[in-house]
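Following: one structure in structure tokens, then a few remarks.
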Amino acid sequence: MKQIFTFLTVLLSSFSFAQSINISPFATGFSNPVDIAHPVNDSRLFVVQKTGLIRILTDTGAINTTPFLNLSSLLPNPLSNEQGLLGLAFHPNYSGNGYFYVNYTNTSGNTVIARYTVSSNPNIADAASATILLTITQPYSNHNGGSVKFGPDGFLYIGMGDGGSAGDPGNRAQNINENLGKILRIDVDSGSPYGIPADNPYAGDIPGNDEIWAIGVRNPWKFNFDSFTGDLWIGDVGQNQIEEIDHVAAPLTPGLNFGWKCYEGNSVYSNCTGTNYTFPVAQYTHTGGACSISGGYVYRGSLYPNLFGKYLFADYCNNKIGYINDAGTIVWTSAFTGTNFTTFGQDLNGEMYVAGASSGVIYKIVDTSLATNSFDKDKFELYPNPASTEVYLKTKGLQFPATVTVVDATGKTVMQQTVDSDATALSIGNLQVGLYIVSIKDQAGLSISSKLSVK
């Protein structure tokens, strides 16, 4: 039977709407954006276009005239709907070694994972620096996956679809001798051209491909790691009925089987003899025009405490953004016209962006339930910070009494208190070591927030 996580799996019929999540155009002029990434401690956003360009978007919303990299000549011509330049990941030590990694479809229709190096100009890559790490044969043109991400363990994770067509006709996702239908994991800092992490489930003499970290995915178009907890969240595109979200808590467990094609979401798709499958944390049906999940991130920014710790995602066809609330229920926005969301991104401060393939616009995620000046160091300060047993509030311009709320890294409210004046002391001795968001809302409805580190 399937392993059940501690979250409730729900269906579309039980969803409610939350239009407090909105989108604000941040930059326009992109063609088929499919990924957004940035190096550690870098304010620039790097936008991947399916047709082969990586373009730099500054923190002011300006787009550099010269592309960072142009790989269009390496791609099929014409491209199928799911081929192209699909993923980008910067090495954790990019500032030192200049390495970044791409996932693209070559002219033969196969998946290539390659490493490039930035040139002496930080805004332009060295196009001649390519080192191909891995080439995976694709039997069909669809279900290519595309995501490449560095995990909290420093290894490179690669999302591979099941090879395409429909219904996984080659049963590749359950075949441990195939890299298709898998999450792969490689060590780019050892070996030639890469090494195999020792705890990969089929490493060394164990039967199965060394690169495999998890099996049983259909088309993990977008997956990401929670920047606070290290948890893995996967948006796995379904067949005809169900889109699923998979969650793996840190420390990450290798060797999981996410079920495809034995299961589509929680529902039996094909009779299998296995019993040890990992159940999705949430799922939704294609009711109401949904068709394809675009996985996102757990929000870890400072501007919107109500979103803190929530996993946001979108559907390509119904043009809606959703998140999973504390009860494990999916909450949807209303539809945004003409967007066709393909990917999310995070900036240096943890604020979130989403790309519309149809519009060519990079939108910024906003929460309209909070004031736009919800994070302002001139109006709200916590001291000492970090703190261990007690922290004081220093505010400006608030109307008391006010409500203070403390939210932990999972988005759970762990403390709430009414304060009657400035410089109030809060006892935090019962809070565990970690990062928190502290927000204060006054009688006029002004909400301001700050991060708090408990040591």
Query raised in the report: Only one of Leu256, Thr253, Asn257 forms a side chain to side chain contact (heavy atoms under 4.5 Å, CB included) with Thr278, so which one is it?
Result: Leu256

Shortest non-hydrogen contact from [X] to [Y]?
| X | Y | result |
| --- | --- | --- |
| Leu85 | Ile54 | CD2-CG1, 3.8 Å |
| Asp246 | Pro280 | OD1-CA, 3.4 Å |
| Pro152 | Phe225 | CD-CD2, 3.6 Å |
| Tyr363 | Gly356 | CE1-N, 4.1 Å |
| Val281 | Ile324 | CG1-CD1, 4.2 Å |

Query raised in the report: Checking Arg115 against Tyr99: charged group under 6.0 Å from the ring centre and within 45 degrees of the axis?
Result: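 That pair qualifies as a cation-pi contact.
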
Give a yes or no on whether the backbone of [Y] and the side-chain of [X] come within a donor-acceptor separation of less than 3.5 Å.
| X | Y | result |
| --- | --- | --- |
| Lys261 | Ser270 | no |
| Asn200 | Ala203 | no |
| Asn144 | Ser141 | yes |

Flag side-chain contact, heavy atom, 4.5 Å: [X] against [Y]:
| X | Y | value |
| --- | --- | --- |
| Leu57 | Tyr353 | no |
| Ile365 | Val354 | yes |
| Tyr311 | Tyr299 | no |
| Tyr157 | Val148 | no |
| Phe258 | Val248 | yes |
| Tyr436 | Val407 | no |
| Phe90 | Val40 | no |
| Met160 | Leu184 | yes |

Query raised in the report: Quick one: salt bridge (Lys or Arg N to Asp or Glu O under 4.0 Å) pairs with a partner in residues 24-50, sequence neighbours left out?
Result: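 Matches after skipping sequence neighbours: Asp35-Lys149, Asp35-Lys222, Asp42-Arg44.
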
Query raised in the report: Under the ring pair (Phe, Tyr, Trp, His ring centres under 6.0 Å) rule, what pairs show up with a residue in residues 66-85, not counting sequence neighbours?
Result: Phe46-Phe68, Phe68-Phe100

Between [X] and [Y], a side-chain donor and acceptor under 3.5 Å:
| X | Y | answer |
| --- | --- | --- |
| Asn266 | Gln283 | yes |
| Asn70 | Ser72 | yes |
| Gln49 | Arg55 | yes |
| Gln138 | Thr111 | yes |
| Asn318 | His286 | no |
| Tyr269 | Gln241 | no |

Query raised in the report: Around atom CG of Asn121, are there more than 12 heavy atoms of other residues, nucleotides or ligands at under 6.0 Å?
Result: yes

Query raised in the report: Is the ring centre of Trp221 less than 6.0 Å from the ring centre of Tyr316?
Result: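 No - the distance between ring centres of Trp221 and Tyr316 does not fall below the 6.0 Å cut-off.
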
Requested in this report: Could you tell me whether Asp162 and Lys182 make a salt bridge, using a distance below 4.0 angstrom between a side-chain N and a carboxylate O?
Outcome: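 Looking at Asp162 and Lys182, the cut-off is not met.
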
Query raised in the report: Yes or no on side chain to side chain contact (heavy atoms under 4.5 Å, CB included) for Asn106 and Thr135, after CA distance, side-chain angles and deciding distance?
Result: CA-CA 9 Å; Asn106 67 14; Thr135 302; 4.3 Å; yes

